[in-house]
Number of protein chains: 2
Amino acid sequence: MARNSLSDFGPSDPATSADRFPAGPSSGGRLPEATVSRLPVYLRVLTGMAERGVVTVSSDQLASGAGVNSAKLRKDLSHLGSYGIRGVGYDVEYLIYQVSRALGLTQDWPVVIVGAGNLGRALANYGGFATRGFRIAALLDSDPAIVGTPLGRLAVRHSDDLEDVVARHKVAIGAIATPAASAQSVCDRLVAAGVTSILNFAPLVLNVADGVDVRKVDLSIELQILAFHAQRRSVERNGRAPRGALRTVPKEAGRFPAAAAAKSAVEA
Amino acid sequence: MARNSLSDFGPSDPATSADRFPAGPSSGGRLPEATVSRLPVYLRVLTGMAERGVVTVSSDQLASGAGVNSAKLRKDLSHLGSYGIRGVGYDVEYLIYQVSRALGLTQDWPVVIVGAGNLGRALANYGGFATRGFRIAALLDSDPAIVGTPLGRLAVRHSDDLEDVVARHKVAIGAIATPAASAQSVCDRLVAAGVTSILNFAPLVLNVADGVDVRKVDLSIELQILAFHAQRRSVERNGRAPRGALRTVPKEAGRFPAAAAAKSAVEA
DNA sequence: ATCACTTTGTGCATCCGTTCACAAAGGCGT
DNA sequence: ACGCCTTTGTGAACGGATGCACAAAGTGAT
């Protein structure tokens with residue numbers, strides 16, 4: 001399982017020479033999705049270490065910094081190539097470089113942000129943006145009262161410029177920070193303009209054609225997941241109900257003996 | 001696999017009577033984590049349908065609205081109990097109620113938001129907050145210039161009040177929207193004050209004791225995952241390099257023949 | 001009543017991800 | 001030079017999640 005689908009070479013595979021060199025590996029191999037989602041975390045911990053002058057790091061140290069199991073970390077890194085030194089650990093700078101390369105961060109990614117409300121502005125001001133290869137190409141909004149507002153190095157532009165901005169800056173990534181009502185149409189326009197990666201902050205499920213990659217960041221969903229666990233914990237510890245008063249239940253639920261209720265509801 | 005770990009009853013298990021009644025099921029059973037993370041999505045689609053007056057929904061319709069496979073949806077819902085009607089579908093209102101209950105949303109969850117920058121204010125203004133059982137108990141910030149600013153129904157209070165707010169409002173959920181530098185200490189204070197569920201927006205890995213549930217929302221990580229896929233797609237289609245100019249690589253990587261480099265770096 | 005049709009709930013096979021545990025690899029001291 | 005110690009890289013066992021496909025359960029028409 002050295003790189004990927006090449007049949008495996010047995011344990012003492014002497015690192016196929018082509019592997020040892022800077023330009024080399026990690027490009028052809030398909031990374032497991034779970035690994036991809038952890039690499040950015042490793043990267044963050046590593047850059048923190050580099051800033052503090054750490055030169056070498058072991059899988060145990062890095063794993064505990066990232067909050068994962070060290071075997072998992074080693075397996076994740078092994079998918080990129082064999083960059084550790086047994087008995088020593090990993091060279092921090094070198095590993096940063098390799099992880100960045102695997103993630104595609106050795107190039108610039110222009111990003112367009114649609115929606116300049118609080119959230120859009122929070123994104124635009126977000127420091128971690130520029131530091132890791134992402135550059136804000138434009139911040140768009142449809143509200144004429146907001147258009148023109150300066151924000152960092154750039155000013156809010158009108159949504160009408162969307163297609164123009166995407167084409168001119170070769171934007172591949174769009175962030176949707178509009179209200180839910182306009183999110184789908186913004187999404188459609190982004191996709192039509194050629195954007196194939198979308199980060200959706202609006203609280204709804206976007207419909208896109210195949211080949212477009214959508215990730216959602218949804219605060220309300222995260223809160224609900226937290227609520228579930230909080231409830232579970234408190235049901236476990238105490239007898240039953242947690243804290244706070246019961247909310248009124250949506251409409252008049254509670255009188256459904258399931259079958260009967262739904263039967264009567266089929267038309268109405 | 002009717003409720004959960006009770007050995008399975010074979011296919012025609014006649015819905016253990018206790019199952020059919022409103023107060024009943026879904027409380028004892030452990031839901032798979034993957035299911036929990038999807039329930040909020042179903043809930044959102046369902047409430048949208050309810051608002052549009054839809055009374056009954058089939059697993060196919062709901063699944064396509066939520067962007068998942070219908071078998072998965074049915075299996076997810078089956079963990080809550082048997083609330084569908086064969087040949088018909090699910091009663092929308094009733095299902096909303098059951099999903100809400102499973103997630104613990106039939107009670108109020110006071111939330112404290114720490115950090116009243118753009119992000120904190122975006123959270124505070126976020127509509128979907130109140131609608132689903134979450135209530136903002138307070139919005140805190142340590143900057144005296146911001147403290148006192150009115151925001152919706154409430155004003156920004158000083159971070160010093162954290163412990164007081166948590167105790168007085170019985171807050172169980174905290175959202176950290178501070179800069180990375182102060183996030184860990186805010187987290188420690190929240191935990192010390194009794195908060196056991198934390199939503200972290202700051203770009204760092206929080207250290208918490210066992211029993212505290214942390215979820216992170218990290219825009220930079222999401223962008224990096226998108227970049228990975230965008231890169232992969234573009235490498236697949238074209239010969240190699242995608243768009244945009246190469247960035248300068250962190251420090252002077254590229255001259256590491258791995259072993260030699262790390263060797264020399266071990267001390268320095 | 002019976003039959004055709006729709007849709008749920010789930011057994012089963014498969015896949016992906018996690019974790020353990022260990023052999024191989026390399027550094028370091030004597 | 002040799003043996004001890006540390007740490008990587010990975011085989012292998014396991015557990016959970018996914019998705020197919022179908023029997024059971026229900027509706028509705030005749």
Side-chain angles (χ1 to χ4, degrees), chain A residues 1-4 7-15 19-20 25 30-38 56-64 67-91 95 258-260 262-267, chain B residues 1-16 19-20 25 30-38 56-64 68-91 95 258-260 262-267:
Chain A
M1 222 166 274
R3 206 64 50 246
N4 69 332
S7 59
D8 56 306
F9 303 77
S12 54
D13 160 24
D19 261 42
R20 300 249 99 142
R30 282 283 171 284
L31 303 185
E33 194 53 35
T35 296
V36 172
S37 71
R38 281 185 297 263
T56 293
V57 68
S58 75
S59 64
D60 266 335
Q61 298 171 302
L62 183 48
S64 89
V68 303
N69 175 307
S70 74
K72 195 192 292 192
L73 174 107
R74 286 198 299 276
K75 190 154 287 189
D76 282 341
L77 294 184
S78 79
H79 287 115
L80 313 187
S82 190
Y83 300 129
I85 301 163
R86 292 167 193 244
V88 175
Y90 301 86
D91 179 275
L95 196 50
K263 182 173 185 174
S264 77
V266 141
E267 77 288 289
Chain B
M1 221 167 275
R3 205 64 50 246
N4 67 334
S5 53
L6 306 164
S7 58
D8 56 305
F9 301 78
S12 57
D13 161 23
T16 356
D19 261 43
R20 302 248 97 144
R30 284 282 172 284
L31 302 185
E33 195 54 36
T35 296
V36 172
S37 71
R38 280 185 297 263
T56 293
V57 67
S58 75
S59 63
D60 266 336
Q61 298 172 301
L62 183 48
S64 87
V68 302
N69 174 306
S70 75
K72 194 192 292 191
L73 175 109
R74 288 199 297 276
K75 192 156 287 187
D76 282 340
L77 294 184
S78 79
H79 286 114
L80 313 187
S82 190
Y83 299 128
I85 300 161
R86 292 168 192 241
V88 176
Y90 301 86
D91 180 274
L95 196 50
K263 181 172 186 176
S264 78
V266 140
E267 77 288 286

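Given the structure is predicted, the values throughout are model-derived calculations rather than measurements. Each chain gets a letter, A, B and so on, in the order the sequences are listed, and its residues count up from 1.
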Interatomic distance where [atom1] belongs to [X] and [atom2] belongs to [N] [whole Å]:
X	N	atom1	atom2	value
B:Arg38	D:dG16	CZ	P	15 Å
A:Leu77	D:dT8	CG	P	9 Å
B:Lys72	C:dT10	NZ	C1'	16 Å
A:Arg30	C:dG17	CZ	C1'	19 Å
B:Asp91	C:dT7	CG	C1'	15 Å
B:Leu73	D:dT18	CG	C1'	13 Å
A:His79	D:dG9	NE2	C1'	11 Å

**OP:** Give, for atom CG of A:Leu77 and atom CZ of A:Arg38, the distance between the pair rounded to the nearest 0.5 Å.
**Re:** 10.0 Å

Identify the pairs formed between an N or O of the protein and an N or O of nucleotides 12-14 of chain C at a distance under 3.5 Å, and give each distance.
| from | atom 1 | to | atom 2 | distance (Å) |
| --- | --- | --- | --- | --- |
| C:dC12 | N4 | B:Lys75 | NZ | 3.3 |

Between N or O atoms, less than 3.5 Å apart, protein on one side and nucleotides 5-7 of chain D on the other: list the pairs.
| from | atom 1 | to | atom 2 | distance (Å) |
| --- | --- | --- | --- | --- |
| D:dT7 | O4' | A:Gly87 | N | 3.1 |
| D:dT7 | O2 | A:Gly87 | N | 3.4 |

For the student: nearest non-hydrogen atoms of [X] and [Y], plus distance:
X	Y	value
B:Lys75	B:His79	O-ND1, 3.0 Å
A:Ser70	A:Ser59	CB-O, 3.9 Å
A:Ala63	A:Leu73	CB-CB, 4.2 Å

**OP:** Verify side-chain contact (heavy atoms from CB on, under 4.5 Å) between A:Leu62 and A:Leu95, making sure each step is shown before the conclusion.
**Re:** CA-CA 11 Å; A:Leu62 183 48; A:Leu95 196 50; 4.0 Å; yes

Original post:
Would A:Ile85 and A:Asp91 count as a side-chain contact (heavy atoms from CB on, under 4.5 Å) if you check the C-alpha gap in whole Å, the side-chain angles of each, and the deciding distance to 0.1 Å?
Top reply: CA-CA 8 Å; A:Ile85 301 163; A:Asp91 179 275; 5.9 Å; no

Subject >> 5' precedence on DNA chain C between A:Glu33 and A:Ala71 (nearest-nucleotide basis) >> reply: A:Glu33

Original post:
Given D:dC20, D:dT18, D:dT10, which nucleotide is nearest the side-chain atoms of B:Asn69?
Top reply: D:dC20

Original post:
Between D:dA17, D:dA21, C:dT18, which nucleotide has the shortest distance from any of its atoms to the side chain of B:Pro32?
Top reply: D:dA17

Original post:
B:Arg74 versus B:Tyr90: any side-chain heavy-atom pair under 4.5 Å?
Top reply: yes

**OP:** Would you sort out whether B:Leu31 and B:Asp76 count as a side-chain contact (heavy atoms from CB on, under 4.5 Å), showing the intermediate values?
**Re:** CA-CA 8 Å; B:Leu31 302 185; B:Asp76 282 340; over 6 Å; no

